[in-house]
Amino acid sequence: MAPITQDDVFLLLEPMVGIPLLLCHSELAQEITALLLAYDWRGTSELGELRDQIESLLFNSIYSYTQGTMVVKDAEGNAKKVYTDALSQMAETLLEPVFIRIPVNEPNYELINGYALRHHSLPALKQLYTRFKAYLQPMNHAIFRRIITENYPKEIYEDWMVDM
């Protein structure tokens with residue numbers, strides 16, 4: 001599997017925070033990439049800790065760039081205020097490359113499942129639902145399906161939740 005690159009992270013960040021911020025704070029994608037690459041699911045690294053570090057980097061960069069207004073221009077050039085819940089969602093989105101690279105086995109199912117349940121993480125639920133199906137009990141499958149379909153717009157999951 002290919003390593004996570006700074007270009008991958010830039011492409012994930014660009015629709016969320018816009019190109020002007022990324023050009024001004026070019027180290028943001030670099031620092032997040034380094035954090036993602038340093039994560040080791042076999043060691044003592046915690047996914048929640050990684051998420052918190054990413055969220056902190058996002059907050060500090062956006063706050064600095066916007067001089068405290070927290071208003072950025074998205075990919076279409078529209079101004080939008082970045083609230084705390086949006087920072088959390090951005091951090092979750094940036095974790096998806098890590099989830100994709102975690103090998104499918106029972107201990108890793110437990111790792112991602114625990115994270116998904118504690119942090120209500122759509123990227124983690126997606127991996128459980130698509131790649132870790134063999135470890136899902138029918139009841140968990142139904143619960144995850146319900147959590148996803150009741151909390152997210154259909155266009156977010158319709159491409160990968162094929163048993164709708």
Side-chain angles (χ1 to χ4, degrees), residues 1-5 8-17 28-29 31-62 70 72 74-76 78 80-164:
M1 184 160 300
I4 300 166
T5 68
D8 296 332
V9 172
F10 188 94
L11 290 172
L12 287 171
L13 282 169
E14 190 261 330
M16 296 184 275
V17 299
L28 178 61
E31 290 176 22
I32 291 173
T33 303
L35 286 172
L36 296 176
L37 289 171
Y39 176 76
D40 182 7
W41 63 88
R42 298 163 293 210
T44 58
S45 300
E46 290 287 330
L47 283 165
E49 235 175 73
L50 176 60
R51 182 189 157 285
D52 291 346
Q53 289 174 317
I54 292 169
E55 190 172 336
S56 179
L57 275 172
L58 289 167
F59 174 82
N60 291 333
S61 292
I62 295 169
M70 300 299 283
V72 298
D74 64 17
E76 290 80 36
N78 301 315
K80 66 176 183 177
K81 186 154 180 101
V82 179
Y83 294 99
T84 307
D85 60 332
L87 287 170
S88 181
Q89 290 302 317
M90 287 179 200
E92 287 297 332
T93 299
L94 289 162
L95 282 179
E96 190 160 13
V98 169
F99 293 134
I100 290 168
R101 285 161 176 78
I102 294 176
V104 176
N105 59 43
E106 191 167 357
N108 290 338
Y109 165 79
E110 295 298 332
L111 171 78
I112 295 175
N113 185 52
Y115 178 83
L117 296 176
R118 279 190 309 279
H119 296 280
H120 310 278
S121 169
L122 180 62
L125 287 169
K126 177 182 177 181
Q127 294 307 307
L128 292 169
Y129 201 88
T130 59
R131 293 181 50 235
F132 289 82
K133 283 188 243 193
Y135 301 101
L136 280 177
Q137 298 298 320
M139 187 170 107
N140 286 358
H141 185 270
I143 291 169
F144 288 168
R145 186 177 184 286
R146 184 173 175 196
I147 289 169
I148 294 165
T149 59
E150 289 181 2
N151 291 289
Y152 298 96
K154 187 175 183 177
E155 53 275 359
I156 289 177
Y157 60 81
E158 67 186 344
D159 292 340
W160 52 266
M161 190 180 280
V162 293
D163 59 354
M164 297 186 305

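Residues meeting the ring pair (Phe, Tyr, Trp, His ring centres under 6.0 Å) test with Y152, sequence neighbours left out: none. Among residues two or more places apart in sequence or in another chain, the ring pair (Phe, Tyr, Trp, His ring centres under 6.0 Å) test is passed with H141 by Y129. Every residue was checked against the side chain to side chain contact (heavy atoms under 4.5 Å, CB included) condition with K133, not counting sequence neighbours, and none meets it. For F99, the ring pair (Phe, Tyr, Trp, His ring centres under 6.0 Å) partners at least two apart in sequence or on another chain are Y115. Taking the salt bridge (charged side-chain N to carboxylate O under 4.0 Å, His left out) definition, one finds that E31 meets it with nothing, sequence neighbours left out. Partners of L11 under the side chain to side chain contact (heavy atoms under 4.5 Å, CB included) rule, at least two apart in sequence or in another chain, do not exist in this structure.
Of the inter-residue distances, the one linking D85 atom CG with M90 atom CE reads 9.5 Å to the nearest 0.5 angstrom. With values rounded to the nearest 0.5 angstrom, E92 atom CD is found 9.0 Å from L47 atom CG. In this structure, CG in L87 is found 12.0 Å from CD1 in I54, a value given to the nearest 0.5 Å. Rounding to the nearest 0.5 Å gives a distance of 7.5 Å between CG of L12 and CD of E96. Rounded to the nearest 0.5 Å, atoms CG (D159) and NZ (K126) are 8.0 Å apart. Rounded to the nearest 0.5 Å, atoms CG (L35) and CD (E49) are 11.0 Å apart.
For A116 against L128, the heavy-atom pair with the smallest separation is CB-CD1, 3.9 Å. Contact record, A91 with L58: N-CD1, 3.9 Å, taken as the closest heavy-atom pair. When all heavy atoms of F59 and M70 are compared, the pair lying nearest together is CD1-CE, 3.7 Å. Taking every heavy atom of both residues into account, Y135 and N105 meet most closely at OH-CA, 3.3 Å. Here the closest heavy-atom approach between residue Y39 and residue I102 is recorded as CE2-CD1, 4.4 Å. Among all heavy-atom pairs drawn from I4 and L37, the shortest one is O-CD2, 3.5 Å.
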List the steps and the verdict of side chain to side chain contact (heavy atoms under 4.5 Å, CB included) for L117 and N113.
CA-CA 6 Å; L117 296 176; N113 185 52; 3.8 Å; yes
L36 and L50: side chain to side chain contact (heavy atoms under 4.5 Å, CB included), yes or no, with the steps?
CA-CA 8 Å; L36 296 176; L50 176 60; 4.3 Å; yes
Apply side chain to side chain contact (heavy atoms under 4.5 Å, CB included) to the pair D8 and T33, showing each step before the final yes or no.
CA-CA 8 Å; D8 296 332; T33 303; over 6 Å; no
Please report the C-alpha distance between S121 and L125 in whole Å, then the side-chain angles of each, then the deciding distance to 0.1 Å, and finally whether the side chain to side chain contact (heavy atoms under 4.5 Å, CB included) criterion is met.
CA-CA 6 Å; S121 169; L125 287 169; 5.9 Å; no
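R131 places no side-chain N or O within donor-acceptor distance of the main-chain N or O of Q127, the cut-off being under 3.5 Å. Formation of a donor-acceptor pair under 3.5 Å by the N108 side chain with backbone atoms of P103 is found in this model. In this structure, the side chain of N151 engages the main chain of I147 through a donor-acceptor pair within 3.5 Å. In this structure, S61 contributes its side chain and L57 its backbone to a donor-acceptor pair below 3.5 Å.
Counting non-hydrogen atoms of other residues, nucleotides and ligands closer than 6.0 Å to CD of E150 gives a total above 12.
Between the side chains of R51 and S88, at least one donor N or O lies within less than 3.5 Å of an accepting N or O.
Y157 and W160 have perpendicular rings, their planes meeting at more than 60° on a 0 to 90° scale where under 30° would count as parallel.
Put simply, the side chain of I32 reaches to within 4.5 Å of the side chain of L13, judged on heavy atoms.
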